[in-house]
Amino acid sequence: MVKFTEDSQRLELGYGFWRTATAKGAYKFYMDDPVVGQVVYFGTMREAGNPVSLVLRLRIEQKKIAEIETIVIRTGMNPSRPADTGAESFEKMGGPDPLFLETIPPAERVSRDELARTANKYFSSMQLNDGKCDYSFFADDCSRIENGQQATEGRNTMASGSGQNNSYTAQKGCRAQFETGLLHFVTRIRDRRFVVLDTEHGVALAFGFFDHAAGNTRTFQTPDGRTVAAGPTQPWTREIAEALKVEKGKIRRIIAIFQRCPYGMNSGWSSWEDSLSDKARW
Amino acid sequence: MRGGPVLVFLSGLLLLISGAVSISVMQAADESCERACLNRIVDQYLSALVAHDPSRLPLAKNVRFTEDGVQLQLGDALWATAGGLGTYKLVFAEPEANAIGAYAVVQENGSGALLALRLKVDKRKITEVETLVARKPTTGILNTDNLTEPRPAFLENVPTEERPSREEMVSIVNKYFDGIEQGNGDIVPFDPDCIRIENGIQTCPGSASSPLGALSCGAQLSTKIFTYIQSVNPRRFPVVDRERGLVLAIVRFNHPATQQTVAVPGRGRITMGRYSTWPNSTQIAELFKIKNRKIKEITAAIVTGAYKVPMGWD
């Protein structure tokens, strides 16, 4: 029987968003991996007329759908912009950054393992970020979109981009953000499942969970020697799907879709042990 | 004299047997945990929680812990963030089932959170820890400032001869959930003055200024304003404190959001609350005071989550 989850909860097919979806939206981004028979779709839709962002993963077996995994971003589920589901912002963009759609010249293509390893450096360097690692895996022109908002390089309007010394700012680039050491509050990035490794386009897509344990993990030292208290004050987790464009061993573009979920939640696709592990799987 | 050695042997055997019996009785006494013992364990739990140190607890080797339905390592989540306790603490127990329930207000980085706690104990060691933590971002309503001490009804004992059986108490509470599902307050044995407090806020009788006015708990149900709650499932009743007339129900309200408005007799078509706008579920730890076989008071801790979120124990 086909297995279906919505926001990590296993449901009968036909329930949840199946009963409330009213229309397809204008933003569509497909990522596929024929080697493992999986396709992931970032898109927008309407639910009772309200815009929502959708992440959809399908696994295909013998031309039939075997697995359906969905995340539906609704109003109130995005902590930094509670009124925004990201859908309208995605639709204003018209589609994914064209770079995601460009093929990698055959001579420059890397193995699936190498693609996943490079993309995974992003997660490993963010977890308990201290600003002291080698962040050269970011390309100089790297930029990141989160729930339809530009989250790097100052072209953004995110609430977290206040520019204060104690909170990481979207006014900086991908690498510079990590060099501040201010993302320390992401205490664990767990259950990293790379479900698409498209070597032809250099695109890696992972599902995962960003834990914010809060408590004493909020207090840390920055690379310039300051003691800082920053980040969420309550334990909660970000359920996330993140697409990374990798070229010549460097990350050039990132698109993330995420929402708040209970601290420590399981994806519905992993054992308890795997769900709490920060090891990447593909 | 001839029987001497036999008598000595028999009396020795009797001594051994009686010794074994008394040791066994002592062990049983040591291992049982009556109400006072169970209450002490709650106090230990809350003290260890704010000290961020679960090793202070008498834990069974295979203890299992959940917060908001998610299985975690003991020491994680609220264990890392609880900064202090409020004055509100309501503890109840079912010694026959080695089960304890409690509500407490916990300070978390300057914000009040309402903790609902269920413990199961075996041989004086904690084997199960189930918690729901109502925090501002994960609940529609919360006011811990209103929760300074338990309402007296939850602390009053029921005279021994007036105590219903466990089954009857559960049956009374089940009718409440049936009444929600069916939009029918008439099938629920409410005391006419029943009061319900959810996350520190009184939700029935309603306030005179609310859209439906000051309706009683039963009359509210009969308006069908809770039609968005399609089902109350699963339902568990892990603590039934017959001495105090209390039933703890841990349940999940499922809101498929297939209907946003409802026709209320005499009031026209009314828009139901925000929970009717997207598929979601609420996990609820709800405590009922039963008096004279009627529901006298209700207090609940509520956490909103994904539609049909697993509660970790079903």
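Below, read A as the first sequence line, B as the second, and so on, with proteins coming before strands; counting in each chain starts at 1. Scope of the values below: all heavy atoms of this structure, side chains included, with no hydrogens, waters or symmetry mates. Fair warning: this is a prediction, and the values are worked out from it, not measured in the lab.
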Can you tell me if A:Lys24 has over 12 outside heavy atoms packed within less than 6.0 Å of its NZ? no
More than 12 non-hydrogen atoms from neighbouring residues, nucleotides or ligands closer than 6.0 Å to CH2 on A:Trp18, yes or no? no
Need one label for A:Glu12: side chain, backbone, both or neither, based on atoms under 4.5 Å from any heavy atom in chain B. side chain
State whether the number of non-hydrogen atoms from other residues, nucleotides or ligands found under 6.0 Å of B:Gln260 atom CD is greater than 12. yes
Value rounded to 0.5 Å, distance of CE in A:Met265 from CG in B:Asp68: 11.5 Å
Counting only heavy atoms not in B:Gln202, do more than 12 sit closer than 6.0 Å to its CD atom? yes
Which region of B:Ser281, side chain (C-beta onward) or backbone (N, CA, C, O), has a non-hydrogen atom less than 4.5 Å from a non-hydrogen atom of chain A, or is it both or neither? neither
What's the spacing between A:Gln234 CD and B:Lys136 NZ if we round to 0.5 Å? 10.0 Å
Nearest heavy-atom contact between B:Ala80 and A:Ala213 is CB-O, 4.1 Å
Basic-acidic side-chain contact under 4.0 Å: B:Asp76, A:Arg188: yes
Winner by heavy-atom pair count (cut-off under 4.5 Å) against chain B, out of A:Val52, A:Asn266, A:Thr233, A:Asp7: A:Thr233
Which bit of B:Gln230 is near chain A, if near means a heavy-atom gap under 4.5 Å: side chain, backbone, both or neither? side chain
Which atom of B:Val70 lies closest to which atom of A:Pro262, heavy atoms considered: CG2-CB, 3.9 Å
Closest heavy-atom contact between B:Val309 and A:Gln9? CA-OE1, 3.1 Å
For A:Gly16 versus B:Tyr307, what's the shortest heavy-atom pair and its separation? N-CE2, 3.7 Å
For A:Arg218 against B:Asn109, the heavy-atom pair lying closest together: NH1-OD1, 4.2 Å
Inter-residue atom distance A:His212.NE2 - B:Thr81.OG1, 0.5 Å rounding: 14.0 Å
Quick one: does A:Trp272's side chain have a donor or acceptor within less than 3.5 Å of a partner on B:Gln71's backbone? yes
Could you tell me if the side chain of B:Pro310 sits less than 4.5 Å from the side chain of A:Arg10, heavy atoms only? no
Could you grab the distance from atom CH2 of A:Trp236 to atom CZ of B:Arg135, nearest 0.5 Å is fine? 12.0 Å
Heavy-atom count check: over 12 atoms from other residues, nucleotides or ligands less than 6.0 Å from A:Tyr15 OH? no
